[in-house]
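Structure first, then comments.
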Number of protein chains: 2
Amino acid sequence: METATEGRRTVQKTVIRQALDQREGFVSAQQLHSALEAAGDRVGIATVYRQLNALAAAGLADTITVDGEILYKACGDRTHHHHLVCERCGRSDQIDPPSESWIQSAAAARGYTVTRHVFEVFGLCADCAAA
Amino acid sequence: METATEGRRTVQKTVIRQALDQREGFVSAQQLHSALEAAGDRVGIATVYRQLNALAAAGLADTITVDGEILYKACGDRTHHHHLVCERCGRSDQIDPPSESWIQSAAAARGYTVTRHVFEVFGLCADCAAA
DNA sequence: ATGCGTGCAAACGATTTGCAGAGAA
DNA sequence: TTCTCTGCAAATCGTTTGCACGCAT
């Protein structure tokens, strides 16, 4: 597996990736767009969406859907993992399920062939709980 | 806790609930609406949405979100449980996680207070895999 | 008679896309 | 120059909501 074609280097591409990297947790395209705007970076919302989707497709970003909104998060390693997400500030930590193999067997027991699974835990992080 | 007010009895309410009950698995409001229409039952899409949301709110239906679309499923007992969903036909079976308590501890270890969690496994059921 | 539940259509909010122009290679 | 990437605005799509009317109670 090789690092896919990077395409052309553009300011917006850079700015968007940096903004996403700096975030502690998940952000929506709109939030990221507002943040950039507030920071003085003028980028079209469409570009933000396109860029975010590209990152997700490339496995460089994780996504979760909350309340019909897609949230993105920079994610270095492409390993499959799950998150512990703060519902208030969006921060997130990785969480390790006891085992993923039981999923296969549990599904197989009912005749299913597993293609994918989602597992996300939501709550309040220490800071937000204190506030 | 008491069985909340049922409200008025109407044809559409009945028809929608029946249609949902007859389904093997998850359905979208739109799919259900089309099905009713095809069956000769004329119900407004808005009513389908309102009814489905009411059922979900009352804990009589489970919901999952797939690709930005909300899917509903009749669900007798209000106990918290997870699903094994067929991506092709929408059929679903219940699945039992090894334990839910580890979630609490895993989260607590990182200072989080858990409020909710989603866990869904997608795949192909025996029939669809064969086809 | 009273007012909840419905249907229709307009409103919505998030995301996508067509198209012409800008800038990277 | 060439062709990808961007920006804007219009278009989608699923879902929600305002409003007037019909029907269950």
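As the structure is a prediction and not an experimental result, all values here were calculated from the model. Lettering of chains follows the sequences in order, A, B, ..., and the numbering in each one begins at 1.
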Requested in this report: Write down the distance between CZ (Arg17(A)) and P (dC5(D)), rounded to a whole number of angstrom.
Outcome: 11 Å
Query - Heavy-atom neighbours of Arg42(B) CZ exceed 12 at 6.0 Å - result: no
Query raised in the report: When the distance from CD of Gln12(A) to P of dT4(D) is rounded to whole Å, what number comes out?
Result: 17 Å
Requested in this report: Grab the CG-C1' distance between Leu55(B) and dT15(D) for me, whole Å please.
Outcome: 16 Å
Report task. Walking along DNA chain C from 5' to 3', note the first and the last nucleotide with an atom under 4.0 Å from a heavy atom of chain A, and give both. Result -> dA14(C) to dA25(C)
Query raised in the report: Mapping Leu71(A) and Val48(B) onto DNA chain C by nearest heavy atom, which one lands closer to the 5' end?
Result: Val48(B)
Report summary line: Per atom distances to the Lys13(A) side chain, the nearest of dG14(D), dT17(D), dT6(D) is dT6(D)
Query - Spacing between Glu69(A) atom CD and dT15(D) atom P, to the nearest angstrom - result: 15 Å
Query raised in the report: Just by distance, do the side chain of Arg17(A) and the backbone of Ala74(A) share a donor-acceptor pair under 3.5 Å?
Result: no
Query raised in the report: For Asp67(A) and dT15(D), what is the distance between atoms CG and P respectively, to the nearest whole Å?
Result: 12 Å
Requested in this report: Please work out if Ile70(A) contacts a base, only the sugar-phosphate, or nothing of the nucleic acid, heavy-atom cut-off 4.0 Å.
Outcome: sugar-phosphate
Query raised in the report: Does CZ in Arg9(A) sit with more than 12 non-hydrogen atoms of other residues, nucleotides or ligands closer than 6.0 Å?
Result: no
Report summary line: Output for pair (Cys89(B) SG, Arg91(B) CZ), nearest 0.5 Å, gives 5.0 Å
Report summary line: Sorted by position of nearest nucleotide on DNA chain D, 5' first, the leading residue of Tyr72(B) and Ile16(A) is Ile16(A)
Query raised in the report: Ignoring hydrogens and angles, does a donor from either the side chain of Arg8(A) or the base of dC3(D) sit under 3.5 Å from an acceptor on the other?
Result: yes
Report summary line: Rounded to whole Å, the CG-C1' distance (Leu52(A) to dT6(D)) equals 15 Å
Query - Separation of atom CZ in Arg42(A) from atom C1' in dC5(D), rounded to whole Å - result: 17 Å
Requested in this report: State whether Gln51(A) places a side-chain N or O below 4.0 Å from either non-bridging phosphate oxygen (OP1 or OP2) of dC5(D).
Outcome: no
Requested in this report: Figure out the OH/P separation between Tyr49(A) and dT12(D), and round it to whole Å.
Outcome: 18 Å
Report task. Identify, with sequence neighbours excluded, every residue that meets ring-ring contact (aromatic ring centres under 6.0 Å, His included) alongside His82(A). Result -> His80(A), His117(A), Phe119(A)
Query raised in the report: Do side-chain atoms of Thr115(A) reach the backbone of Phe122(B) as a donor and acceptor pair under 3.5 angstrom?
Result: yes
Query raised in the report: So which nucleotide from dG18(D), dG14(D), dG7(D) ends up closest to the side chain of Arg50(B)?
Result: dG18(D)
Report task. Answer with base, sugar-phosphate or nothing: what part of the nucleic acid does Arg9(A) contact at a heavy-atom distance below 4.0 Å? Result -> sugar-phosphate
Query raised in the report: CD1 of Ile64(B) to NZ of Lys73(B): how many Å apart, nearest 0.5 Å?
Result: 10.0 Å
